[in-house]
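Start at 1 and go down the list; that is how both ligands and their atoms are numbered. Keep in mind that the numbers below use all heavy atoms, side chains included, and drop hydrogens, waters and symmetry copies.
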Amino acid sequence: MDFSPSPRAAELVESVAAFVHQEVEPVAEEYHRSVTESAASGTWAESPILEDLRTKARGQGLWNLFLPVEHSQEYAEKYGTRGGAGLTNVDYAPLAEQMGRVGHLAPYVFNCHAPDTGNMEVLLRYGSDAQRAEWLEPLLDGRMRSAFTMTEPGVASSDATNMAATAVVDGDEVVINGRKWWSSGIGHPDCRVLVFMGLSDPDGERHRRHTMVLVPRDTPGVKVERLLTTMQTFDEPVGHGEISFEEVRVPKENILLGEGRAFEIAQGRLGPGRVHHCMRLIGQAEVALELAIRRGLSREAFGKPIINLGGNRERIADARMAIDQARLLVLNAAWKLDTGGPLNALSEVSQIKVVVPNMAQQVIDMAMQLHGGAGLSSDFPLAGMWTNARALRLADGPDEVHRGVVARLEIGKYR
Ligand SMILES: Cc1cc2nc3c(=O)[nH]c(=O)nc-3n(C[C@H](O)[C@H](O)[C@H](O)COP(=O)(O)OP(=O)(O)OC[C@H]3O[C@@H](n4cnc5c(N)ncnc54)[C@H](O)[C@@H]3O)c2cc1C
């Protein structure tokens with residue numbers, strides 16, 4: 001195992017950490033207020049704060065840092081800073097951790113946010129030249145947003161073979177019908193394309209029945225029925241939508257990779273784009289621990305600083321150990337991805353998807369408790385961070401499904 005960052009990555013960690021601390025943290029609260037107020041007034045708008053920060057970050061070369069090394073050289077030659085920095089996953093993990101410290105804003109500042117990163121990876125890996133020109137370029141350039149529409153209200157979507165919305169080829173077109181929900185990013189005013197997964201051949205082999213298609217957001221028949229709340233917040237301006245598709249027609253050229261090949265794409269998509277949130281959650285847990293200690297040292301009850309009451313010192317120690325364990329597990333998964341690709345890292349990727357959100361949820365919960373009532377208020381970022389960690393125990397597939405993968409691979413060794 002080699003978890004040491006390249007010299008370039010070590011420099012970038014310093015730059016990203018400084019940028020987050022000096023530029024992003026001071027405006028994070030104002031940004032949040034601005035987007036929630038705009039959503040409350042009925043118009044979902046992006047705050048100009050983001051554009052200013054993006055321009056600055058890009059000017060310093062802190063842009064598309066997630067872009068996998070195998071692609072960034074090609075893109076760097078063509079587009080300069082749009083090409084990222086040629087980093088491995090091990091290199092990228094500590095950068096994402098820094099971005100995670102202000103998770104609702106910093107990843108967007110550096111164009112390293114979900115679901116666009118995952119969708120960009122799909123286009124990089126499987127997109128045709130025409131698809132890349134139309135959708136990937138503006139995404140890399142930060143001129144638009146995208147959504148990934150797989151989950152459906154009508155079926156248990158933790159089993160992707162259940163997807164029932166249809167994407168059927170009809171001559172030169174694909175006809176799409178059905179309903180999706182939890183499509184993150186659809187609320188953003190710049191969201192212009194959806195990666196849609198639909199049933200195209202119900203009688204085919206189980207993993208050859210589904211197709212992925214690019215659907216422009218403004219295609220007739222695409223309707224956002226409502227935006228869902230996550231634990232009572234809209235997560236604006238990103239938003240998670242329930243979308244109906246009624247006789248939606250797109251050109252056949254919008255199919256990704258080929259008919260019936262959605263699962264091949266889903267497997268490729270299991271890679272880097274799906275572990276970034278674990279990397280960012282380490283940063284969130286660090287913030288929670290820091291806040292817990294500062295609060296515990298600065299307030300007294302029963303004649304002692306709160307940090308010295310009851311089992312609080314042990315809780316702090318447990319949190320430190322849990323974060324460090326989780327970080328090492330994330331680096332291990334990143335190293336396995338770097339050295340053997342997604343199929344070499346199936347267990348490790350599933351392991352971190354269980355371990356990290358659960359760890360972050362517990363550490364953040366401890367910090368909330370130590371803050372008393374303040375911990376649940378909006379005066380501290382803890383409640384929002386807890387919601388995020390809780391949601392990530394489902395958003396990328398439920399814990400149970402990832403545990404199932406780990407168990408299958410483990411037991412398989414002895415069959
Ligand atoms: C904040 C948020 C953002 C999301 N963003 C997106 C997005 O952008 N695009 C998208 O397509 N989807 C998105 N999702 C949806 C998410 O991927 C699904 O909710 C998840 O895959 C589970 O599917 P389901 O909700 O249909 O639950 P179900 O499949 O109905 O499962 C319900 C429960 O059954 C149990 N279960 C299921 N399988 C097993 C098993 N094998 N073993 C044991 N127990 C099991 C688990 O407890 C599970 O939680 C998002 C969800 C959230 C909360």
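For the pair Thr211 (side chain) and Ser200 (backbone), a donor-acceptor distance under 3.5 Å is absent. For the pair Gln131 (side chain) and Ile255 (backbone), a donor-acceptor distance under 3.5 Å is present. Under a 3.5 Å cut-off, the side chain of His32 and the backbone N or O of Ala28 do not form any donor-acceptor pair.
Scanning the protein heavy atoms around atom 17 (O) of ligand 1, the nearest turns out to be Ala395 O, 3.0 Å. Scanning the protein heavy atoms around atom 39 (C) of ligand 1, the nearest turns out to be Val401 CG2, 4.0 Å. The single protein non-hydrogen atom nearest to atom 26 (O) of ligand 1 is Ser157 N, 2.9 Å, given as residue, atom name and distance. Scanning the protein for heavy atoms near atom 14 (N) of ligand 1, the closest one is Trp182 CB, 3.4 Å. With respect to atom 15 (C) of ligand 1, the closest heavy atom belonging to the protein is Thr151 OG1, 3.2 Å. The single protein non-hydrogen atom nearest to atom 9 (N) of ligand 1 is Phe148 O, 2.8 Å, given as residue, atom name and distance. At the shortest separation from atom 3 (C) of ligand 1 among protein heavy atoms lies Ser184 OG, 3.4 Å. The protein non-hydrogen atom at the shortest distance from atom 20 (C) of ligand 1 is Leu394 O, 3.4 Å.
Side-chain atoms of Thr230 and Asp235 include no donor-acceptor pair closer than 3.5 Å. No hydrogens or angles considered: a donor-acceptor pair under 3.5 Å links the side chains of Arg393 and Gln361.
The existence of a salt bridge linking Asp129 and Arg132 is excluded, since no basic side-chain nitrogen approaches an acidic carboxylate oxygen closer than 4.0 Å.
Both the sub-6.0 Å distance and the 45° axial angle are not jointly satisfied by Lys180 relative to the ring of Phe245.
Short contacts between ligand 1 and Ser158, defined as distances under 4.0 Å to a heavy atom of the residue, involve ligand atoms 23 (O), 28 (P), 29 (O), 31 (O), 37 (C), 38 (N). Near Met150, with a cut-off below 4.0 Å to any heavy atom, the atoms of ligand 1 are 11 (O). Ligand-side atoms of ligand 1 in range of Val155: 26 (O), range being under 4.0 angstrom from any heavy atom.
Between Phe3 and Trp335, the ring planes lie perpendicular to each other; the angle is over 60°, past the 30° to 60° tilted range.
The presence of a protein heavy atom under 4.0 Å from atom 34 (O) of ligand 1 is ruled out. Checking atom 42 (N) of ligand 1 against the protein gives a heavy-atom contact under 4.0 Å.
Separation of the Phe66 and His113 ring centroids does not fall under the 6.0 Å cut-off. Between Phe196 and Phe148, the ring centre distance reaches or exceeds 6.0 Å.
Heavy-atom proximity to atom 46 (C) of ligand 1, evaluated over Met163, His240, Arg393, Glu400, is greatest for Glu400.
Contact annotation for Pro398 and ligand 1: only side-chain heavy atoms (C-beta onward) come within less than 4.0 Å of the ligand.
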